[in-house]
Peer 1: 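Below you'll find the structure I mean.
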Amino acid sequence: MTKWRLMAVLAVVALLAAACGDDAATTTTAGPTTTAGPTTTAGPTTTSGAFEGLSFSAPDCDYGGEFKTIEAVDELTVRFELCFPDVAFRSKIAFSAFGIHPTEHLEATGGGGDALVANPIGTGPYRLEQWARGNQLVLKRFDDYWGTPAIAETLVFRWSSEAAQRLVELRAGTVDGIDNVGPEDFATVANDATLQLIERPALNIFYIGLNNWMPPLDNEQVRQALAMAIDKQRIIDNFYPPGSSVADQFLPEDIPGYAPGATWYEYNPAAARDLLAQAGFPNGFDITLAYRDVVRGYLPQPGVVAQDIQAQLREIGVNVTIDVMESGAFLDASDAGELTMYLLGWGADYPDATNFLDFHFGAGSSDQFGDQFDDITTVLAQAAALSDQAERDVLYAQAAELIKQHVPMIPVAHGGSGLAYKADVVGAHASPLSNEYFAVVDPGGRSTFVWMQNAEPIGLYCADETDGESLRACEQINESLLAYEVGGADTVPSLATACESNDELTVWTCTLRPGVKFHDGSTFDANDVVMSYVVQWDASHPLHVGRDGNFTYFPGLFGNFLNAPEGDG
Amino acid sequence: MTGQDGLVPDPTPPEPLPSGGEAERADQRGETARLPETRGLWATAFRELLHKRSARIGLVMLAVLIIVAVFAPLIAPFDPSDPVGIKEGIKVRSGPCVHLFGCDRSQPQHLLGTDGNGRDAFSRLLYGARVSLLAGFGAVAVAVAAGTLLGLLSGFFGGRIDNLIMRVMDVLLAFPALLLAIAIITVLGQGLVNAMLAISIVTIPAYARVVRSAVLTVRENDYVAADRALGVRTARILWNRILPNSLTPLVVQATLGVATAVLEIAALSFLGLGVRPPTPEWGSMLAAERNQVFTAPHLVFFPGLAIMWNVLAFNLLGDGLRDALDPRLNR
């Protein structure tokens with residue numbers, strides 16, 4: 001008898017050990033990746049007075065990234081030398097992933113971990129008061145702010161993944177503003193005198209990804225047939241809120257590079273069936289459609305849209321099995337090219353074609369659509385290196401045609417979304433980049449503004465975050481060199497009063513704002529800027545740690561890391 | 001002795017012998033043949049059942065469900081997976097429209113309205129009965145088969161086998177049922193069959209324990225001892241003596257188990273782990289429209305009602321069966 005008991009105990013211990021072992025494994029992979037690689041040619045250069053400006057340079061431009069040198073010329077001047085011209089540079093450095101952190105704080109926290117991720121220090125109008133994980137995020141007004149101080153003394157972030165619950169809370173008065181009103185509730189909110197509805201411009205794209213590694217999608221005719229079989233108008237009419245539009249190309253209309261003349265295949269199920277027969281599938285085929293059950297502005301009703309696509313494709317004999325996946329696993333699998341057909345979208349981080357096209361179809365893009373198409377990558381590379389927008393537009397129109405021909409994905413919709421605020425909230429706005437700025441919001445004279453979004457921020461060191469829920473919180477705490485205008489996408493001065501380039505767009509000099517204080521009382525200077533960039537840029541930097549160490553946006557926007565690990569980038 | 005041997009009312013033969021083979025054997029052994037007017041255990045139980053009103057209601061509700069499930073294609077006005085509403089040009093999630101009750105005749109008729117995909121909600125509800133019943137019965141059938149086998153072995157042989165089986169059952173019982181089911185589905189993959197299997201595995205311990213405890217009392221009976229003395233093979237004793245006489249509590253447990261299984265299938269589908277779309281299933285129908293509870297309440301109300309109907313039917317029936325099969329309540 002005792003023998004058996006002993007065995008049972010052993011079994012339980014073994015289970016526990018297995019569970020813990022798993023845990024330990026993840027922590028190790030998330031740990032610092034400070035492998036000794038080729039070192040940066042770094043050396044402090046003394047310029048004026050007591051200020052020692054930091055300067056970092058890449059040995060050459062062969063590493064594939066955009067930066068050549070980042071240098072603090074003097075206390076309030078930073079110079080970026082680029083390897084190739086970049087017309088969108090201003091928009092890029094205004095992005096919230098490139099917020100400026102105090103050098104001392106980066107060093108003290110080791111550049112990552114909870115000390116930084118849950119305790120950011122910035123120059124923004126709000127400072128972090130308390131992050132009760134799973135519950136709420138409380139920010140307090142920063143009294144030494146350089147600009148107009150925030151109106152509400154306290155800013156609270158809360159979250160709920162259910163649109164119905166967000167609306168209930170808003171109506172009950174426990175929150176002052178909510179993100180992503182459910183498509184069904186637009187009319188309800190608009191007709192409610194105690195609420196105000198603000199529509200967010202559709203600066204995004206919802207697409208059906210088609211992976212050319214996976215048969216039968218390796219056949220271009222099959223992909224074209226699928227493109228003809230999707231009735232996009234029906235999807236917009238039935239499942240999207242007002243303000244949405246049918247997508248005939250990957251770029252939304254307000255993004256520079258949009259090709260006004262570009263068209264997509266006409267909806268024609270009969271022609272689709274013929275084309276499938278030509279491709280050797282007269283009776284259709286079986287295919288799996290994957291999606292994540294996460295509401296985004298570009299896809300307000302994932303499950304319903306997936307089932308409608310399933311029903312539409314059944315009309316041409318394509319038998320679709322729907323696979324709902326967990327969000328993180330889904331994104332990883334799509335990036336790795338493991339999904340055959342999937343529903344995904346993209347929202348603008350900064351308003352330029354590179355943010356959309358290069359990220360998805362450029363030379364440095366992931367395997368999400370299988371093999372890249374060389375003709376598309378060539379055109380995109382040419383367009384990115386040009387500074388004249390008219391010349392770029394010609395190339396982007398070509399790219400749109402090539403994408404139509406190869407069908408790496410089917411563009412479906414530019415999804416409008418809506419925010420709702422209480423009627424007495426002054427300064428309520430919607431940002432086309434989903435980065436609402438709450439310092440200008442007056443919650444009807446109350447001292448606290450409570451905002452409810454779809455999900456909890458994952459981390460508050462946004463250099464290493466990608467989801468909009470985190471970026472929006474970071475936007476209140478940390479500031480970048482430039483900022484986007486409130487409720488718009490144009491850049492305005494922020495920590496830098498101006499950023500000017502030479503004629504070739506390869507050297508950018510930013511003049512910094514004097515007298516800016518960080519939340520911890522330290523003074524902002526050019527070295528903080530250099531350091532905040534370099535820890536992201538140089539993958540072998542000891543402070544290149546972050547939350548999971550991916551720093552996804554940096555290579556996405558600036559080509560590649562310096563000293564990137566082998567097989568990466 | 002608490003006994004299962006007291007189950008049969010009236011002047012009882014020392015052991016209840018339900019099957020024909022048993023009577024033959026009894027004859028061979030020269031025992032007294034049964035009185036011809038004695039009704040069998042199950043016939044008595046059924047009569048008893050019909051005397052209880054709640055059980056009668058349960059039976060009727062179950063009959064309705066079964067009829068709906070079997071004849072769904074004949075009753076349903078539309079194909080449950082076809083977005084008819086969109087093709088007819090009416091809004092998705094439009095409310096019920098019944099011409100008989102004053103809905104404008106120019107509008108297409110949908111008894112319970114259309115769902116988020118423009119599909120007929122009434123047709124989906126009817127087809128949902130198929131999935132629920134199939135899953136409920138299927139899950140319980142597998143669990144009963146496995147649980148009975150394990151319980152028989154465990155109870156009859158005792159000792160190490162008993163210990164081993166029952167400790168494994170304890171481990172299974174230690175996990176919350178739904179959580180374990182989710183874990184199993186994570187391993188097996190999504191789908192109706194896998195969801196059924198997961199629920200079966202989770203409920204095996206209950207059946208194994210019920211059978212085991214019945215077997216423990218039955219195996220001490222004289223007729224088992226007699227068989228042993230006559231040198232009957234163990235398998236035969238198990239199959240012909242022990243099993244039939246241990247079944248009554250199992251039947252009650254299984255009936256109530258169907259209700260639980262239906263509920264768990266609905267829960268798993270609600271979590272997106274059950275049926276794959278577009279198969280209509282009440283739990284997944286609820287989940288799909290949960291955000292529209294204020295704007296389109298009919299899409300949440302009726303699937304919920306259907307789940308309740310189903311669970312209530314089996315619970316009422318199970319309760320009635322328990323009373324009918326309980327010797328202490330014999331009138």
Side-chain angles (χ1 to χ4, degrees), chain A residues 1-9 11-12 15 160-168 171 180-189 231 233-235 237-240 288-293 295 300-312 314-315 320-326 329, chain B residues 79-94 114-119 124 159-171 174-175 183 186 189-191 269-280 284-285 287-297 299-300:
Chain A
M1 204 63 180
T2 38
K3 218 171 4 179
W4 290 111
R5 281 208 188 113
L6 193 69
M7 281 188 69
V9 169
V12 172
L15 278 173
S160 164
S161 59
E162 307 291 328
Q165 197 198 342
R166 290 195 297 273
L167 186 56
V168 166
R171 291 190 142 163
N180 283 352
V181 176
E184 297 290 303
D185 296 324
F186 268 56
T188 323
V189 174
D231 184 354
Q233 192 64 48
R234 159 169 153 180
I235 294 175
D237 288 348
N238 287 293
F239 314 120
Y240 275 78
T288 303
L289 173 70
Y291 75 95
R292 52 176 180 161
D293 200 2
V295 170
Q301 303 187 72
V304 172
V305 170
Q307 290 185 47
D308 197 58
I309 289 169
Q310 181 183 42
Q312 290 193 17
R314 202 170 45 192
E315 308 271 319
V320 176
T321 307
I322 290 180
D323 200 2
V324 190
M325 296 178 69
E326 192 275 318
Chain B
D79 175 352
S81 311
D82 190 32
V84 277
I86 291 180
K87 290 174 183 167
E88 289 164 349
I90 58 171
K91 276 184 61 187
V92 294
R93 300 200 180 94
S94 52
T114 58
D115 74 355
N117 277 85
R119 299 173 295 209
R124 289 182 70 74
R160 283 194 171 187
I161 294 179
D162 183 27
N163 230 324
L164 178 69
I165 295 178
M166 281 304 128
R167 291 303 78 75
V168 173
M169 293 298 117
D170 285 347
V171 169
F175 294 97
T186 316
Q190 195 200 340
S269 296
F270 186 88
L271 296 174
L273 298 169
V275 299
R276 281 176 190 275
T279 314
S284 60
M285 286 162 72
E289 303 297 342
R290 65 181 187 279
N291 258 323
Q292 276 67 42
V293 66
F294 297 114
T295 47
L299 293 177
V300 186

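Here is how names work: the chains are called A, B, and so on, in the same order as the sequence lines, proteins then strands, and each is numbered from 1.
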Peer 1: For Val168(A), which atoms come within 4.5 Å of any heavy atom of chain B: side chain, backbone, both, or neither?
Peer 2: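 Interface part for Val168(A): side chain.
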Peer 1: Between Gln310(A) and chain B, with a heavy-atom cut-off of 4.5 Å, which part of the residue counts as in contact: side chain, backbone, both or neither?
Peer 2: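 For Gln310(A), side-chain heavy atoms alone lie under 4.5 Å from chain B.
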Peer 1: To the nearest 0.5 Å, what is the distance between OG (Ser284(B)) and CD (Gln307(A))?
Peer 2: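 One finds 8.0 Å between OG of Ser284(B) and CD of Gln307(A).
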Peer 1: Say you draw a straight line from CG of Asp308(A) to CZ of Arg234(A); how long is it, rounded to the nearest 0.5 Å?
Peer 2: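 It comes to 4.0 Å.
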Peer 1: Does any heavy atom of chain A fall under 4.5 Å from the side chain of Ser81(B), the backbone, both, or neither of them?
Peer 2: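 Ser81(B) touches chain A through backbone and side-chain heavy atoms alike.
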Peer 1: Identify which part of Pro83(B) has an atom lying under 4.5 Å from any heavy atom of chain A, answering side chain, backbone, both or neither.
Peer 2: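 For Pro83(B), the contact with chain A is made by the side chain alone.
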Peer 1: Which bit of Glu326(A) comes within less than 4.5 Å of chain B, counting heavy atoms only: side chain, backbone, both or neither?
Peer 2: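 Neither part; nothing is under 4.5 Å.
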Peer 1: For Asp323(A), which atoms come within 4.5 Å of any heavy atom of chain B: side chain, backbone, both, or neither?
Peer 2: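 Backbone plus side chain of Asp323(A), per the 4.5 Å heavy-atom cut-off to chain B.
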Peer 1: How long is the span from the CG atom in Asn117(B) to the CZ atom in Arg93(B), to the nearest 0.5 Å?
Peer 2: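 CZ of Arg93(B) is found 8.0 Å from CG of Asn117(B).
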Peer 1: Under a 4.5 Å heavy-atom cutoff, which of Ile86(B), Val92(B), Asp82(B) has the most pairs with chain A?
Peer 2: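 Most heavy-atom pairs within the cutoff with chain A belong to Ile86(B).
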Peer 1: Can you tell me how far the CD atom of Glu184(A) sits from the CD atom of Gln301(A), to the nearest 0.5 Å?
Peer 2: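 So the CD of Glu184(A) and the CD of Gln301(A) are separated by 6.0 Å.
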Peer 1: Which heavy atom in Ala163(A) sits nearest to a heavy atom in Asn180(A), and how many Å separate them?
Peer 2: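 Smallest interatomic distance, heavy atoms only, reads CB-O, 4.3 Å.
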Peer 1: Could you check which of Arg119(B), Lys91(B), Gln190(B) has the highest count of heavy-atom pairs closer than 4.5 Å to chain A?
Peer 2: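 Of the candidates given, the most pairs with chain A belong to Arg119(B).
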Peer 1: List in chain and number order the residues that pass salt bridge (charged side-chain N to carboxylate O under 4.0 Å, His left out) with Asp185(A), two or more places apart in sequence or in another chain; answer none if no residue qualifies.
Peer 2: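 For Asp185(A), no residue satisfies salt bridge (charged side-chain N to carboxylate O under 4.0 Å, His left out) once neighbours in sequence are set aside.
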Peer 1: Under a 4.5 Å heavy-atom cut-off, does chain B meet the side chain of Gln312(A), its backbone, both or neither?
Peer 2: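 Interface part for Gln312(A): neither.
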Peer 1: About how many Å separate CG of Asn238(A) and CD of Gln233(A), when rounded to the nearest 0.5 Å?
Peer 2: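 Result: 10.0 Å between the selected atoms.
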Peer 1: State, with a plain yes or no, whether a side-chain heavy atom of Asp115(B) is found less than 4.5 Å away from one of Arg124(B).
Peer 2: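 Side chain of Asp115(B) against side chain of Arg124(B), heavy atoms only: contact under 4.5 Å found.
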Peer 1: Of all residues at least two apart in sequence or in a different chain, which pass the salt bridge (charged side-chain N to carboxylate O under 4.0 Å, His left out) check with Asp231(A)?
Peer 2: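 Checked Asp231(A) against salt bridge (charged side-chain N to carboxylate O under 4.0 Å, His left out); zero matches.
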Peer 1: Examine whether an atom of Ala311(A) lies under 4.5 Å from a heavy atom of chain B, and if so say whether it belongs to the side chain, the backbone or both; otherwise answer neither.
Peer 2: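 For Ala311(A), the contact with chain B is made by the side chain alone.
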Peer 1: How many angstroms lie between CD1 in Ile309(A) and CG in Leu289(A), if you round to the nearest 0.5 Å?
Peer 2: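 That separation rounds to 6.0 Å.
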Peer 1: Heavy atoms under 4.5 Å from chain A: which residues of residues 269-276 of chain B carry them?
Peer 2: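 Within residues 269-276 of chain B, near chain A: Arg276(B).
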Peer 1: Not counting sequence neighbours, which residues clear side-chain contact (heavy atoms from CB on, under 4.5 Å) with Glu162(A)? List them please.
Peer 2: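 Expected list: Ser160(A), Gln165(A), Arg290(B), Asn291(B).
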